[in-house]
There are 2 protein chains.
Amino acid sequence: MFNPVETPPVKPTGETGSATQQAYAALRRMIVIGELSPGEKLKIDTLRKTLDTGASPVREALSLLVSDQLVERLDQRGFRTASASRGNFEEILMLRCHLEEMALRRSITSGNQNWEESLVLAHHRMGRQNRDDVEAFEERHKAFHMALLSACDSPILLKFCNQLYDLNVRYRYLAGRASGYQKRDVSNEHADILAATVERNANLAVERLISHYRQTGDFLTAQFDTPE
Amino acid sequence: MFNPVETPPVKPTGETGSATQQAYAALRRMIVIGELSPGEKLKIDTLRKTLDTGASPVREALSLLVSDQLVERLDQRGFRTASASRGNFEEILMLRCHLEEMALRRSITSGNQNWEESLVLAHHRMGRQNRDDVEAFEERHKAFHMALLSACDSPILLKFCNQLYDLNVRYRYLAGRASGYQKRDVSNEHADILAATVERNANLAVERLISHYRQTGDFLTAQFDTPE
DNA sequence: AAGATCCACAATTTCGATATTTTTAAGTTA
DNA sequence: TAACTTAAAAATATCGAAATTGTGGATCTT
């Protein structure tokens with residue numbers, strides 16, 4: 001009998017997943033890219049209309065976002081986006097340096113050849129992505145950084161890193177790409193991190209990774225002092 | 001005029017907060033103490049009846065618990081409690097050692113006298129608590145350990161530690177207090193940790209804290225090999 | 001006028017019911 | 001007998017409306 005090419009789990013409609021997950025993805029994106037400002041009140045009814053869905057999915061999506069620390073819940077006064085502050089940013093940076101160091105070291109220790117190749121691939125894809133499409137580039141940038149840590153063999157650690165990464169990206173968007181952001185040549189930094197990692201030189205790789213974060217971090221911190 | 005003793009914000013009824021938060025607290029407790037087994041299916045309707053509340057609060061509470069990693073969400077197939085495994089336990093133990101070390105060092109560096117006193121108090125309260133009331137003791141035990149970290153000046157780190165702590169407590173309950181648990185004299189260990197901390201001897205305090213975790217950890221790990 | 005109290009409005013939260021989806025089980029065919 | 005299909009049952013996910021709770025403005029008191 002002809003195998004009908006195996007019907008893929010393509011949803012009848014082109015949409016993705018449940019209403020809750022759609023709302024979650026949409027809200028998450030809006031918060032990370034700054035379409036929703038820090039500390040902004042999130043009225044259920046407004047969001048319901050914006051996302052064209054019911055109140056339940058919105059409410060559930062917001063609950064999920066609370067755990068990501070992108071949304072704060074106020075007792076019985078609804079939700080608001082997480083506030084942004086210099087202190088919060090520095091905290092995120094500090095934790096990222098610690099946790100990603102841990103994850104990277106473990107990855108380098110236990111990563112196999114398959115992991116190694118996935119790194120090269122992720123790096124290549126990032127390089128090929130036109131940087132004018134900011135969101136697309138950010139996606140590949142994240143993919144590269146997460147690939148570095150992906151072999152750490154600790155789902156929880158990976159989850160923490162992922163969370164912190166997103167919180168950090170938000171600050172990048174908030175700072176705006178203005179003011180000559182990205183004047184530095186980050187491409188070289190990425191290449192150097194990749195090289196040290198592939199060579200399994202943990203100390204060097206960690207040093208480069210952290211230096212990479214600290215430099216962009218210092219830049220963003222400076223933005224807090226010069227509001228405009 | 002007589003000041004009417006200042007009406008405290010005591011809720012008219014003795015209950016606490018919204019239905020969602022009540023459900024959240026109740027479910028959390030049930031999972032941590034093992035009243036709900038690892039991997040158990042969590043049927044909304046059943047929980048709705050058990051907690052005597054609506055489906056919305058239950059659903060929202062479960063969403064909150066997903067972030068705590070105490071509950072897993074299955075695409076469109078509802079919720080279940082997080083599964084337990086030796087690997088997962090060892091991961092939690094490992095992360096706890098790393099993160100609590102970081103937090104404790106920071107606490108010792110920046111903690112003030114007020115913090116110091118809160119430690120002594122928490123330790124005292126733990127000692128006074130009858131250990132036959134397991135839940136009450138666990139609460140004070142947690143309070144003591146969290147007090148140690150509370151001056152780390154990093155809310156996110158604290159949140160991570162809190163989360164990991166609860167995940168770990170769950171394994172303690174799962175292992176059951178059977179099999180001669182707590183034969184070791186943990187009271188001395190606590191006292192030693194407190195002493196080193198108050199003396200601001202970070203290296204010693206961290207060493208004792210981690211040793212404390214590793215010992216109970218090794219015990220629990222052994223439980224996995226001897227199911228009964 | 002300053003402060004407190006009350007009332008009407010708005011928003012959140014919760015409930016009951018409906019619509020999908022998944023799971024189970026039976027029935028049919030090779 | 002095993003696998004595939006089909007139908008019924010159960011559970012989840014979602015919606016729309018009611019009930020609870022917070023908010024801001026106007027009124028009254030000091």
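- Side chain of Thr53(B), nearest nucleotide from dC15(D), dT13(C), dC15(C): dC15(C).
- To the nearest angstrom, P of dT23(C) lies 9 Å from NZ of Lys41(B).
- The nearest heavy atom of DNA chain D to Leu42(B) and to Pro57(A) marks one nucleotide each, and the one closer to the 5' end goes with Leu42(B).
- More than 12 heavy atoms of other residues, nucleotides or ligands lie within 6.0 Å of CZ in Arg86(A), so this atom counts as buried by the packing criterion.
- One can place CD1 of Ile44(A) at 6 Å from P of dT13(C), the figure rounded to the nearest angstrom.
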Side chain to side chain contact (heavy atoms under 4.5 Å, CB included) assessment of Gln163(B) paired with Gln69(B): CA-CA 8 Å; Gln163(B) 218 179 102; Gln69(B) 313 210 45; 3.6 Å; yes
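- Side-chain atoms of Arg59(A) lie closest to dT13(C) of the nucleotides dT14(C), dT14(D), dT13(C).
- Across the protein-nucleic acid pair, Leu74(A) atom CG and dT21(D) atom C1' stand 14 Å apart, rounded to whole Å.
- Checking dA11(D), dC15(C), dT13(C) against every side-chain atom of Ser56(B), the shortest atom distance belongs to dC15(C).
- To the nearest angstrom, P of dA11(D) lies 16 Å from CZ of Arg77(B).
- Per the geometry, CD belonging to Gln21(B) stands 9 Å off P belonging to dT13(C), to the nearest Å.
- A donor-acceptor distance shorter than 3.5 angstrom exists from the side chain of Thr81(B) to the backbone of Glu40(B), with no hydrogens or angles considered.
- Atom pair Asp45(A):CG and dG16(D):P shows a separation of 12 Å (rounding to whole Å applied).
- Between the CG atom of Asp75(B) and the P atom of dA11(D) there is a distance of 19 Å, given to the nearest Å.
- The listed nucleotides are dA13(D), dT12(D), dA11(C); the one nearest the side chain of Lys43(B) is dT12(D).
- A cation-pi arrangement is absent between Arg125(A) and Phe144(A), since the terminal nitrogen or guanidinium carbon is not both under 6.0 Å from the aromatic centre and inside a 45° cone about the axis.
- In this structure, the CG atom of Leu62(A) is 14 Å from the P atom of dT14(D), given to the nearest Å.
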